Amino acid sequence: MKNRLAQKSGMTIIEILVAIVIFMAGFSILIALMSSTLVRFSTKELLAADNLAREVMTVATAEQDTTRSDTVIVRSGMQFRVLKEVKIENRLAEVTITVSRTKQARKLAELYNAFVLPQQ
Amino acid sequence: MPYSSTTLNVTLSGSIKPSTRLADQTGSVLATVLVTLMILLAIFISAMTYALSRYGKHVQNHNRLIARYLAEAGVAHRQATFESQGITFDTSSWKAPNGGTISTITEPWGPYLLVDSKGLFANQSVHEFAILGSMAPRYMDGAVTVFDPGTPLVVAGNTRIVGDAFTGPMGIMEGHFRGEGTTFEDYLRGTNYREAVVRQFEPDSTIMLAYLRSVSDRRLQATHQVMGSLVLGPEDGDPFAVEQDLRIRNDLLISNARMLTSEGVKSIFVDGQVEIAGTSHLSDLFEIVAEEFIVLRDSSVLGRTLLMARDSIVIEGNAVFGGIAVCPGRLIVREQAQLVNPSALFCPTSSKKAGDSSGIFLQSRGWTESVVVLERNCDPDSRSRRTVYVDTATVFRGLILSSEQADIRGAVFGSVATKQFHFEYPPTTYINWLTDCYIDRSKLTYRPELPVLNAIDSISSLATVSQVTGRP
């Protein structure tokens with residue numbers, strides 16, 4: 001085999017190039033799959049966190065709910081910690097909803113809104 | 001080995017086959033390999049770009065969501081500040097706890113307030129425009145309120161009141177009234193609160209004065225001017241986008257045209273008259289100020305528009321109006337025209353004598369749902385008559401607040417608060433009479449917003465409009 005290849009000019013470069021192509025193809029597919037999986041995972045996580053935060057904020061403002069809460073909610077197979085904090089001053093209720101993954105401390109969504117409480 | 005040699009040849013010729021043009025040429029395989037390499041790289045880059053752009057889009061939506069709530073919070077902050085510290089027309093900006101920025105600008109919007117609240121987060125900004133007014137006072141929870149406690153209220157004819165009444169002494173015309181009609185036994189379902197003095201509440205005139213000053217300043221500052229009349233039709237663009245404030249030296253005619261603002265609120269100052277006809281549609285925050293009169297007719301639809309005219313505003317035909325109309329002269333709704341919630345008709349006091357019959361005239365057979373407010377006459381000695389009139393065939397739903405007189409002939413599903421009722425059947429005139437009308441408070445299930453009142457109980461929002469101005 002060695003003798004045969006040595007007899008043919010340019011065979012070594014062809015083999016190297018073929019190897020590069022095969023390696024590049026495999027590497028490209030692997031990287032593309034990995035990045036798209038990572039991005040899809042982040043997107044899914046971000047979307048779920050946004051929806052969760054919006055849901056809690058809508059309920060809080062519509063029902064003028066001023067109670068503090070700290071709950072764990074499962075969405076799309078992921079576990080989130082939803083923290084609702086309320087500060088009241090001069091009938092103005094300021095609501096902050098923070099959503100983070102239970103495994104990590106990183107905040108995924110932090111919404112801030114305010115509403116005026118009705119007169120007693 | 002011949003077998004392995006054959007296999008190698010087949011593999012090479014099958015997977016990397018030189019083109020016929022390059023066959024047997026030195027370096028042809030290298031070129032083929034490079035082309036394949038480029039194709040693979042292109043596929044890889046495309047896949048990466050697509051995945052990242054999708055992610056970027058979601059991040060943008062995420063930032064926009066945060067900005068939208070910040071803009072909403074800005075409105076609530078201003079509302080709370082007005083209630084605790086009084087109303088100020090100013091600009092303010094502050095940092096929110098989540099790192100975003102909130103900026104607000106407050107301006108008078110006729111007798112109401114317009115708050116432009118901007119929420120800014122990352123590169124996304126969202127504007128929330130809110131029209132603020134006063135929550136209707138407690139008296140408006142009743143069906144009838146009469147501010148003049150000295151003149152007895154006479155309920156006569158086929159009048160029917162469902163709800164409470166805050167009045168002075170109340171009388172009933174027994175038997176026949178002018179030979180027609182009889183008194184219903186159940187003319188009043190509710191309680192009559194005979195309070196010694198029923199406090200008369202009125203709009204805060206400083207808001208309207210500030211608005212009038214702002215109009216005259218902005219009219220002079222309008223950089224874009226039309227020296228003659230402006231006629232807008234579908235051929236001028238569908239929809240026609242108004243880029244900046246406009247001053248028209250003569251008349252404005254909008255016929256079968258749709259108009260939008262490019263961003264924010266746009267004002268159109270007209271030195272003559274305004275006619276909006278055909279199937280014209282204005283849904284954004286427009287302000288149209290006319291020196292003469294404004295007519296809305298045919299099937300035109302006006303959403304959040306503020307109309308102001310010195311002489312009169314007429315809404316007729318099948319026109320639909322859902323904005324705020326301000327006119328110190330005559331404000332007329334007739335034929336099949338409709339007023340939709342939230343809308344407000346406001347007849348402010350004027351230093352100019354507006355004639356002997358200024359006021360708000362509801363004469364439509366279409367659905368009318370609105371807030372109607374008539375301010376008192378600035379000259380108490382003036383003979384000019386100012387009234388809110390509800391015609392016999394009209395069904396009105398909402399609140400009527402008149403600092404002068406109210407002449408109710410039709411049906412009011414809501415509340416009427418007035419200095420006096422008035423019934424005129426030429427040549428006779430009856431003061432503080434309710435005759436052959438129907439007022440039912442139970443048919444109004446929400447509390448509409450009045451213009452900002454002198455004694456502010458609470459500020460609430462009449463309407464809100466959101467605009468996204470974030471960069472992609």
Side-chain angles (χ1 to χ4, degrees), chain A residues 1 4-5 9-11 13-18 20-22 24-33 35-40 42-47 49-51 53-54 57-58 61 85 87 89-98 107-119, chain B residues 1 4-5 8 11-12 15-16 26-27 29-30 32-34 36-37 40-41 43-48 50-59 61-62 65-66 68-77 79-85 96-100 102 119 121 135 457-461:
Chain A
M1 177 74 174
R4 273 178 56 80
L5 291 174
S9 58
M11 274 312 283
I13 186 75
I14 290 165
E15 282 187 335
I16 289 167
L17 286 169
V18 168
I20 288 171
V21 169
I22 293 166
M24 279 297 292
F27 183 71
S28 301
I29 292 163
L30 193 69
I31 293 288
L33 275 172
S35 61
S36 73
T37 307
L38 277 173
V39 165
R40 202 186 310 132
S42 305
T43 306
K44 198 177 162 189
E45 192 179 47
L46 194 66
L47 262 174
D50 275 356
N51 286 338
R54 185 173 15 205
M57 183 62 87
T58 306
T61 49
E85 288 172 305
K87 193 178 121 193
E89 201 178 323
N90 288 336
R91 281 179 55 221
L92 180 76
E94 295 176 82
V95 186
T96 308
I97 310 284
T98 312
K107 286 176 193 170
L108 288 167
E110 189 178 17
L111 301 185
Y112 169 79
N113 201 350
F115 56 87
V116 181
L117 292 165
Q119 281 175 327
Chain B
M1 287 167 64
S4 65
S5 167
L8 180 66
T11 307
L12 276 174
S15 60
I16 312 162
T26 312
V29 177
L30 176 61
T32 313
V33 166
L34 286 173
T36 314
L37 202 61
L40 284 170
L41 268 171
I43 293 167
F44 170 67
I45 290 166
S46 305
M48 283 295 286
Y50 172 71
L52 287 172
S53 73
R54 266 193 67 194
Y55 184 65
K57 187 81 184 159
H58 285 296
V59 170
N61 288 341
H62 169 78
L65 177 75
I66 296 172
R68 186 166 72 80
Y69 281 115
L70 289 175
E72 275 185 29
V75 173
H77 269 269
Q79 205 173 317
T81 311
F82 294 153
E83 285 184 16
S84 60
Q85 296 166 20
N98 62 358
I102 303 170
F121 191 83
M135 184 80 79
D457 284 331
S458 61
I459 297 282
S460 57
S461 171

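Bear in mind the structure is a predicted one, so any value in this text is a computation, not a measurement. Labels below follow one simple rule: chain letters A, B, ... track the order of the sequence lines, proteins then strands, and each chain is numbered from 1.
Between B/Ala73 and A/Ala114 the shortest heavy-atom distance is CB-N, 3.6 Å. Closest approach of B/His62 and A/Leu46 over heavy atoms only: ND1-CD1, 3.9 Å. When all heavy atoms of B/Glu72 and A/Asn113 are compared, the pair lying nearest together is OE1-ND2, 3.0 Å. Summarising the geometry of A/Arg54 relative to B/Leu65, their closest heavy-atom pair is NH1-CD1, 3.6 Å, with the distance given to 0.1 Å. Of all heavy-atom pairs spanning A/Tyr112 and B/Ala96, the tightest one is CD2-CB, 3.9 Å.
Residues B/His77 and A/Leu92 form a side-chain contact, since some pair of their non-hydrogen atoms from C-beta on lies under 4.5 Å apart.
Between chain A and the options B/Ala76, B/Gly119, B/Gly100, heavy-atom pairs under 4.5 Å are most frequent for B/Ala76.
Heavy atoms closer than 4.5 Å to chain B are found in the side chain of A/Glu94, but not in its backbone. Looking at A/Leu111, both its backbone and its side chain come within 4.5 Å of chain B, counting heavy atoms on both sides. Proximity to chain A (any heavy atom under 4.5 Å) is shown, for B/Ile43, by neither the backbone nor the side chain. In this structure, the portion of B/Ile102 lying under 4.5 Å from any heavy atom of chain A is its side chain and not its backbone.
Annotation: the span from A/Thr61 atom OG1 to B/Tyr69 atom OH amounts to 6.5 Å, rounded to 0.5 Å.
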